[in-house]
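Before any comments, here is the structure.
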Amino acid sequence: MIAKVIVDVPTSNTDRVFDYDIPKEWEEVIQPGVRVVVPFGPRKIQGFVVDVTNDSTFHKTKPIDDFLDVVPVLTSELLSLGEWLADQTLCFQLSAYQLMIPAALRTKVKKELCLLAHIETLPYSIRPHFQGDKSPLWNDLVKDKNVSLKEIQQAVKEGKLEVRYQVEEKGKKKMERYVKVSENTTCDIPTRAVKQRELLAYLQSLGKPIAVQALLQETKMTRQTITTLVKKGVLQEFDKEVYRDPLAGVEYERTLPLELTDQQRDVIQPILDTLETKSHYTFLLHGVTGSGKTEVYLQSIDKALEQKREAIVLVPEISLTPQMVQRFKGRFGSKVAVLHSGLSMGEKYDEWRKILRKEVQVVVGARSAIFAPFTNLGIIIIDEEHETSYKQEENPRYHARDVAIFRGKHHQCPVILGSATPSLESYARARKNVYRLLPLTERVHNRAMPEVHVVDMREELRSGNRSMFSYILLEKLKDRIEKGEQTVLFLNRRGYSTFVMCRDCGYVASCEHCDISLTYHRTQNSLKCHYCGHEEKMPTKCDSCGSEHIRFFGSGTQKVEEELTRVLPEAKVIRMDIDTTRRKGSHERLLSAFGRGEADILLGTQMIAKGLDFPKITLVGVLAADSMLHIPDFRSAERTFQLMEQVSGRAGRHDLKGEVIIQSYTPDHYSIELVKSHDYEQFFQMEMTQRKVGLYPPYVFMVLITISHSELTNVITVSEKVVSFLRRELFESTTVLGPVASPLARIKDRYRYQCMIKYRNEPRLLEALREIRQHFIREINQGDLQISIDLQPYLFT
DNA sequence: AGCACGCCGACT
DNA sequence: GTCGGCGTGCTC
């Protein structure tokens, strides 16, 4: 039998299957989806078996060296999904498969040198490395300058040393020491050994093995007592695999399905029907904030579980908070696995194995959870469908929504895209009946949508208010503090200020490796580059003219916090941004403190815009609504509207009525204006007109090609070649823009140029893009050239 | 990715 | 003459 293997060598000329003989005795184990170790040239590497056949067209097949899994880590569905993904995103098939398994399973093959002859026969210089009983690693030897490679090679040739390849798995299963009473306890314990008798009696009454740790804690005995009993053969110790439990000790209150509103009943019916008939549809659940989308999800999942099918729920990383997890754990208890970036590598591995072993039926997770190895999927839900974090911004540049639909078709199950502010792409598809639109227009319990005031900050300035809080916002803040109600203040910018400028000559401190201004960080009193990590001390004088009049411009959360304590000294403020939530669990701690009413104001960035649901929040303030509107991105208006709606949705979700103050310098812009009436439909119409005029998605599809090199002239010549090739190859109806310098024209001392393709129908596109890569393959391999190709990009830097 | 093969310059 | 530079190409 022959195994078709995708080898672990991420290059374009090895991005295909290689054939290997399956040794007779392994024919049962080696099946598609199993990882194997294979000889590849002179070395041993890892690979994924993607297929098993009877014969090969290749004549010199070598046998598989070893296998890493007894049970496949990739299902046949995931194998074909990987193929599709590699094709669609122009990535290596290998990269697609690695995406689907937890990082803990991404093994490295290490090269070791084993001593075969007597140590005295080796040259002096390399002897010290072979003194212990551990074989030294090749890489460590090479790094050591005292060791000559020549001598090692010589020793290998003479048969004194041997090179061996060791596969090292990063993820270890966690083991715990257990004890149990031996089957036939004939040995009697002396009457005087009270402790031992007590312990044995306890274990016998327990009737099952127990973890040594737990036993010691419960009985207050000493380790010695157990060891003695084990020696006597009365007890047996053994290792048992345990799951790391990231949520250990957290109790979830069970919740029952809620009574649905008429609207909820209307939208859930088509989903239940689709489940019933085991067919595939993509639904766009467009529900205003607070309309009870989650309850629709929960009851749909319930139906899938009833059918003995499984469910995947995707949630943006940022809103994958304990509150969110609580809602799913509360309804489905131990049937739920949670996957997000906050877990350690080992914890992720454990959650993933629960899925593989069918110990859970529901997965709640961020983007990559879409690859959960379920085999009988019943429903896929993508909450906050419009979130850009569902698109991976590095290779493979996939969109979770596309993967969801692929899997939905494969399993013949519904895919639900839910949002209060759908992406224009999805809403346009829903209107064209590619997706089925399910509208939820009212909040549950007939709660009113929050009232929104837009404050013209230019006016404020004219009337002499130079602070970052408008009069009305300040007034309402005071009012809430008096009434003991809570406020959420939103600012889309962390840190202290955005950039540092000299007031005399206008010089802006910028990174020496990237074309971007540095950001001031107050705690370290330093300037940092957010792209390459470069950091320098905050200058006291202007680098350009020597003036001491250096000032900060723009304000981040840190600065607002300072300002707040100045104007409202009585207010208790909790600040939430990447800087205050970096430590594990701090996110949760800050939120629950706010939930308990330990602060009047929650001040934060993006991360507080979603999922936050506390009854006492009656005021939401947006400090600078336009901060997103002026970035040069065709989606900036869409993002502004989405964010404003999302943030407004935090107010008045319970009995108390909510109010929203939006501060803006462009209050008449439709993306801000329309938040007042919460009119998505109107916004959609306005924005679609803009997209049509500017020829942007959803009217066209886009591809962004970024070319980078350390030499500017090379970048320009390659970019020009790329553009003229594309113009020649593609339809005339297709627009090829560029080449132009990227918005970020230099990162880490590499110059960057880009070109953009806008098309409607272009069957030759993928092929043409592949040809570009192939054409410059030499420059890419041996050096410095990089060509990144992003289909349907969300990021234009 | 590695590793070998192979074709040119500067040395014991 | 050979040692070693790294460009080129292959790995079932």
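Naming convention: chains lettered A, B, ... in sequence-line order (proteins, then strands); numbering from 1 in each chain.
- A:Asp21 comes within 4.0 angstrom of nothing in the nucleic acid, heavy atoms only.
- We find that CD1 of A:Ile2 is positioned 9 Å from C1' of C:dC12, with the value rounded to whole Å.
- Relative ring orientation between A:Tyr97 and A:Phe48 is described as tilted, the plane-to-plane angle lying within the 30° to 60° band.
- Within 4.0 Å of A:Ser56, counting heavy atoms only, lies no atom of the nucleic acid at all.
- Distance A:Lys60 NZ to C:dC12 P: 9 Å, rounded to the nearest Å.
- Residue contacts for A:Thr11: at a heavy-atom cut-off of 4.0 Å it reaches a base atom on one of the strands shown.
- Side chains of A:Glu77 and A:His411: a donor-acceptor N/O pair is present below 3.5 angstrom, by distance only.
- Taking the six-membered ring for Trp and the full ring otherwise, the centers of A:Phe18 and A:Phe58 sit at least 6.0 Å from each other.
- Put simply, CG on A:Asp15 is 14 Å from C1' on B:dA1, counting in whole angstrom units.
- Distances from the side chain of A:Val9 to the nucleotides C:dT11, B:dA1, B:dC3 place B:dA1 closest.
- C:dC12 has its base stacked against the ring of A:Phe58, the centroids being under 5.5 angstrom apart at an interplanar angle below 30°.
- A:Phe40 has its CZ atom 13 Å from the P atom of B:dA1, to the nearest Å.
- In this structure, CD1 of A:Ile64 is placed 11 Å from C1' of C:dC12, rounded to the nearest angstrom.
- For the pair A:Gln46 CD and C:dC12 P, the computed distance is 16 Å after rounding to whole Å.
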Exercise. Can you list the steps and then say if A:Glu351 with A:Lys348 is a salt bridge (charged side-chain N to carboxylate O under 4.0 Å, His left out)?
Worked result: CA-CA 5 Å; A:Glu351 294 294 291; A:Lys348 276 187 211 161; over 6 Å; no
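- Atom-to-atom, CD1 of A:Ile777 to C1' of C:dT8 comes out at 13 Å; the value is rounded to the nearest Å.
- Relative ring orientation between A:Phe406 and A:Trp84 is described as tilted, the plane-to-plane angle lying within the 30° to 60° band.
- When the nucleotides C:dC10, C:dC12, B:dC3 are ranked by their closest atom to the side chain of A:Asn13, C:dC10 comes out on top.
- Distances shown here put a side-chain N or O of A:Lys62 below 4.0 Å from the OP1 or OP2 atom of C:dC12.
- Taking atom CG of residue A:Asp65 and atom C1' of nucleotide C:dC12, one finds them 14 Å apart after rounding to whole Å.
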